[in-house]
**Q** 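Following this message is one structure expressed as structure tokens.
In the text below, chain A, chain B and the rest are named by the order of the sequence lines, each starting its count at 1. These values consider heavy atoms only, across backbone and side chains, with no hydrogens, waters or symmetry-generated copies.
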Amino acid sequence: MTIFDSVKKQKVLFEPIKKGEASIYVCGPTVYDDAHLGHARSALSFDLLVRTLRALRYKVTLAKNFTDVDDKIIKKIRETGKTLEEITTHYIARYKDEMEQLHILPSDIEPKATESIEAMSSMIQRLIGSGYAYQIEGGDVYFDSSRDSAYGSISHKVPDDDESRSRIDHVEGKKNPKDFALWKAAKADEEIAFESPFGSGRPGWHIECSAMIEKHFEGSDEYSIDIHGGGADLLFPHHENEAAQSRCASGHELAKYWMHNGFVQIDGEKMSKSLGNSFFLKDALAAYDGEILRFYLNSVHYRNDFNFNEEDLLAAKKRLDKLYRLKKRITPGGASAVKKEFRQKLLEAMSDDLNISIALAVIDEMVASANEGLDADPKNKGLKKETVANIEFIDELLGFGGMDPFEYFQLGIEPEVKEKIEELIARRTEAKKAKDFAAADAIREELTAMGIAIMDTAEGTLWEKS
RNA sequence: GGUGCCAUCGCCAAGCGGUAAGGCCGCAGCCUGCAAAGCUGCUAUCCCCGGUUCAAAUCCGGGUGGCACCUCCA
């Protein structure tokens, strides 16, 4: 397996700390609002990583956190009058539900910031004790970036100290503009506060990942975990800061490999709230099945920017449709073994830094060749069984193709409508028998107007939502 | 102002020095009562200009255009 390490800026061979195992930590969402397409893409990217490593027989442990204390959540508390817990449990539940709809495998560990206060405060205390952090008037604790000679080695950024140009917050008392908060002291009117040896307050954003990784993973003398991942925007400052504090607190590097997924854009621009062009996952899921969204969002290599638009989504759907049409031809039917060559080619593609484009091309070839075989010999049992197994493998490795093919093509059709369709098709079959083609065509037109496409096959007339 | 990334057929998208994968769309054909589906065939020399090399979409230099990070952000 090779992966692109965004710190080394090149593809490298994945050689885990512990042979045969892979520890992965992905930065999860801050739960103050519904997930957007960017959250989906990030989760989808790392889901592909996890599935590929598992198919390669690695024992994978995936941790993805929920940031459930932070300024934006506090703002939400003030706006809504709800409690922190009400807000965070609501959005965590929604996040999990939506990720499940995208066929994302659940994380093995789901740490929450509020459940890791002790781990954080102990790490902060160690940093203060060894002189890597300092407390300023008012109680905030800052990391002293000047004490970490390796600061900058993750993002390769040398923050511009000229504050007139950089956009780093200027805070009174900070020794250095790039120093960042480990602990924010509670103001008098703030009710969200945790006790710590250095006063009442709440953790800074970066410290949670470092502390949680330390808490949940054993690591080695050199690294805490194998892979640390997240969106491209997290490389700096988030991951740089995590790496710095972990390095100074533990004496070794945080992660052996760093992976970052590209952005989802709308009309060629980054999707973000400030631009007013963010797209909630829930809205996309209301219009399209999770599997279709998954297929579309995963159809572009994870490191590239992804320009979301409905036209491309529909083109991607048609590609998925072809897989399901093939599945229709072999359903119902049992499975034999996956075609060795197919399995190997798919794994080979995914093992090369998750080259999904090659993987999809391999699938297209398999679909075409199976269709060709079935055209030549519709009763080829061996081919049918092998194809069933092949599609099962696709579902295992890439997370699509697992639905019932008939249901797939009838997604979103109400039962009453289904009845009506079946009835029309029955009438058309009668008309065809009577060679009344005008009547048969009229019924087909009626179905077309309903958005239903029909196809006459040896097994009778099949229909799809068009 | 600093630092990166990207630019391949109408659209999406692989390619990582050896002579352009795949999908969508389109066209022609087979099949079909007609369709649809499926199958077969057809459709690019890689933003521009230099350079290195026997050989470059792939490496180097210079342009042009787009995007991102340096502020919360997946």
**Q** Any base atoms under 4.0 Å from A:Asn307, or only sugar-phosphate, or nothing? Heavy atoms, all strands.
**A**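 Here A:Asn307 touches no strand at all.
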**Q** Within the 4.0 Å heavy-atom criterion, would you say A:Arg41 contacts the bases, only the backbone, or no part of the nucleic acid?
**A**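 Result for A:Arg41 = nothing.
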**Q** Does OP1 or OP2 of B:C34 have a side-chain N or O of A:Arg444 closer than 4.0 Å?
**A**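 For B:C34, neither OP1 nor OP2 has a side-chain N or O of A:Arg444 closer than 4.0 Å.
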**Q** Please report the distance separating the P of B:A7 from the corresponding atom of B:C60, rounded so that it comes out in whole Å.
**A** 14 Å
**Q** With nearest nucleotides of RNA chain B determined for A:Phe306 and A:Lys11 from heavy-atom distances, which residue corresponds to the more 5′ nucleotide?
**A** A:Phe306
**Q** Within a reach of under 6.0 Å around NZ of A:Lys385, are more than 12 heavy atoms found that belong to other residues, nucleotides or ligands?
**A**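 It does not: A:Lys385 NZ has 12 such atoms or fewer within range.
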**Q** Might you point out which heavy atoms bring A:Gly402 and A:Glu291 nearest each other, and give the distance in Å?
**A** N-OE2, 4.1 Å
**Q** Is there a donor-acceptor contact under 3.5 Å linking the side chains of A:Asn371 and A:Arg329?
**A** yes
**Q** Hey, does A:Asp312 reach any base, or is it just sugar-phosphate, or nothing, if we go heavy atoms under 4.0 Å?
**A** sugar-phosphate
**Q** Considering only the P atoms, how many Å lie between B:C42 and B:C59, rounded to the nearest integer?
**A**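 Result for the P pair: 31 Å, nearest Å.
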**Q** Given the P atoms of B:C9 and B:C46, what is the spacing between them in whole Å?
**A** 10 Å
**Q** Assign A:Asp305 to base, sugar-phosphate, or nothing according to its heavy-atom contacts below 4.0 angstrom with the strands shown.
**A** sugar-phosphate
**Q** Can you figure out which of B:C70, B:G33, B:A21 approaches the side chain of A:Ala361 most closely?
**A** B:A21
**Q** Would you say a side-chain N or O of A:Lys318 is under 4.0 Å from OP1 or OP2 of B:C25?
**A**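 It does, given that an N or O in the side chain of A:Lys318 lies less than 4.0 Å from OP1 or OP2 of B:C25.
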**Q** Measure from the side chain of A:Lys9, starting at C-beta and using heavy atoms only, and say which of B:G4, B:C39, B:A21 lies closest.
**A**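 Among the listed nucleotides, the one closest to the side chain of A:Lys9 is B:G4.
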**Q** Could you check whether A:Arg303 gets within reach of a base, just the sugar-phosphate, or nothing at all, counting any heavy atom under 4.0 Å?
**A**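 Result for A:Arg303 = nothing.
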**Q** Need one value for A:Ala40: base, sugar-phosphate or nothing, where a base atom within 4.0 Å counts as base even if backbone is also close, heavy atoms only.
**A** nothing
**Q** Between A:Phe306 and A:Tyr296, is the ring centroid distance below 6.0 Å?
**A**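 For A:Phe306 and A:Tyr296, the ring centres are under 6.0 Å apart.
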**Q** Between B:A14 and B:G23, how far apart are the C1' atoms? Round to whole Å, please.
**A** 11 Å
**Q** For A:Leu235 and B:G2, what is the distance between atoms CG and C1' respectively, to the nearest whole Å?
**A** 16 Å
**Q** Within the 4.0 Å heavy-atom criterion, would you say A:Glu464 contacts the bases, only the backbone, or no part of the nucleic acid?
**A** nothing
**Q** May I ask you to decide if A:Leu13's main-chain N or O and A:Tyr257's side chain share a donor-acceptor pair within less than 3.5 Å?
**A**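 Here the side-chain-to-backbone pair exists.
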**Q** Over all strands shown, is A:Ile454 touching base, sugar-phosphate only, or nothing at heavy-atom distances under 4.0 angstrom?
**A** base
**Q** Which nucleotide sits closest to the side chain of A:Val300: B:G38, B:A14, B:C69?
**A**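 Selected nucleotide: B:A14.
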**Q** What does B:U64 pair with, Watson-Crick or G-U, if both distances are under 3.5 Å?
**A** B:A7
**Q** On the nucleotide B:C67, are OP1 or OP2 found under 4.0 Å from the side-chain N or O atoms that A:Asn304 carries?
**A** no
**Q** Report yes if at least one side-chain N or O of A:Asn355 is closer than 4.0 Å to OP1 or OP2 of B:C16; otherwise report no.
**A**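 For A:Asn355, the contact criterion (side-chain N or O under 4.0 Å from OP1 or OP2 of B:C16) is not met.
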**Q** If only side-chain N and O atoms of A:Lys322 are considered, is one of them under 4.0 Å from the OP1 or OP2 phosphate oxygen of B:C24?
**A** yes
**Q** Base, sugar-phosphate, or nothing: which does A:Ala315 touch, judged by heavy atoms less than 4.0 Å apart?
**A**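 If one applies the 4.0 Å heavy-atom cut-off, A:Ala315 turns out to touch the sugar-phosphate alone, with no base involved.
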**Q** So which nucleotide does B:G41 pair with, by the Watson-Crick or G-U wobble rule with both distances under 3.5 Å?
**A** B:C27
**Q** Rounded to whole angstrom, note down the P distance from B:A21 over to B:A57.
**A** 13 Å
**Q** In whole Å, what separates the C1' atom of B:C69 from that of B:U58?
**A** 27 Å
**Q** Taking the C1' atom of each, how far is B:U64 from B:C47, in whole Å?
**A** 8 Å
**Q** Would you please say whether a donor-acceptor pair under 3.5 Å links the side chains of A:Asp456 and A:Thr461?
**A** yes
**Q** So what does A:Ser357 hit on the nucleic acid, given a heavy-atom distance under 4.0 Å: a base, only sugar-phosphate, or nothing?
**A**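 A:Ser357: base contact, heavy atoms under 4.0 Å.
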**Q** For A:Pro237 and A:Phe437, take the nucleotide of RNA chain B holding the closest heavy atom to each; which residue's nucleotide lies nearer the 5' end?
**A**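 With A:Pro237 and A:Phe437 compared, the 5'-side residue is A:Phe437.
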**Q** Determine the interatomic distance between P on B:C24 and the same-named atom on B:A55; round to the nearest Å.
**A** 38 Å
**Q** State the pairing partner of B:C59; accept Watson-Crick or G-U wobble contacts with both distances under 3.5 Å, and report none otherwise.
**A**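 B:C59 is paired with B:G51.
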**Q** Counting only Watson-Crick or G-U wobble pairs whose two distances fall under 3.5 Å, which nucleotide matches B:A14?
**A** none
**Q** Which part of the nucleic acid, if any, lies within contact of A:Gly38, taking any heavy atom under 4.0 Å across all strands shown: a base, the sugar-phosphate backbone alone, or nothing?
**A** base
**Q** Just compare B:A14, B:A37, B:G33 and give me whichever is closest to any side-chain atom of A:Met455.
**A**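 The nucleotide sitting nearest to the side chain is B:A37.
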**Q** With a 4.0 Å cut-off on heavy atoms, is A:Asp456 in touch with a base, just the backbone sugar-phosphate, or nothing at all?
**A** base
**Q** Are A:Lys64 and A:Phe46 in a cation-pi setup, meaning NZ or CZ lies under 6.0 angstrom from the ring centre and within 45 degrees of the ring axis?
**A**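 Not satisfied by the 6.0 Å and 45° rule.
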**Q** Check every strand shown and say whether A:His238 touches a base, only sugar-phosphate, or nothing at a heavy-atom separation below 4.0 Å.
**A** nothing
**Q** Find the partner of B:C69: check Watson-Crick (N1-N3 plus N6-O4 or O6-N4) and G-U wobble (N1-O2, O6-N3) distances, both under 3.5 Å, and reply none if neither fits.
**A**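 B:G2 - that is the nucleotide pairing with B:C69, both distances being under 3.5 Å.
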**Q** Counting the atoms with a prime plus P, OP1 and OP2 as sugar-phosphate, which does A:Val264 contact under 4.0 Å by heavy atoms, base, sugar-phosphate, or nothing?
**A**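 Base, at least one base atom sits under 4.0 Å.
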**Q** Quick one, A:Arg94 with A:Asp97, criterion salt bridge (Lys or Arg N to Asp or Glu O under 4.0 Å). Give me CA distance, side-chain angles, the key distance, then yes/no.
**A** CA-CA 5 Å; A:Arg94 291 199 52 87; A:Asp97 173 61; over 6 Å; no
**Q** So, under a plain 3.5 Å distance rule, would you say the side chain of A:His36 forms a donor-acceptor pair with the base of B:A74?
**A** yes
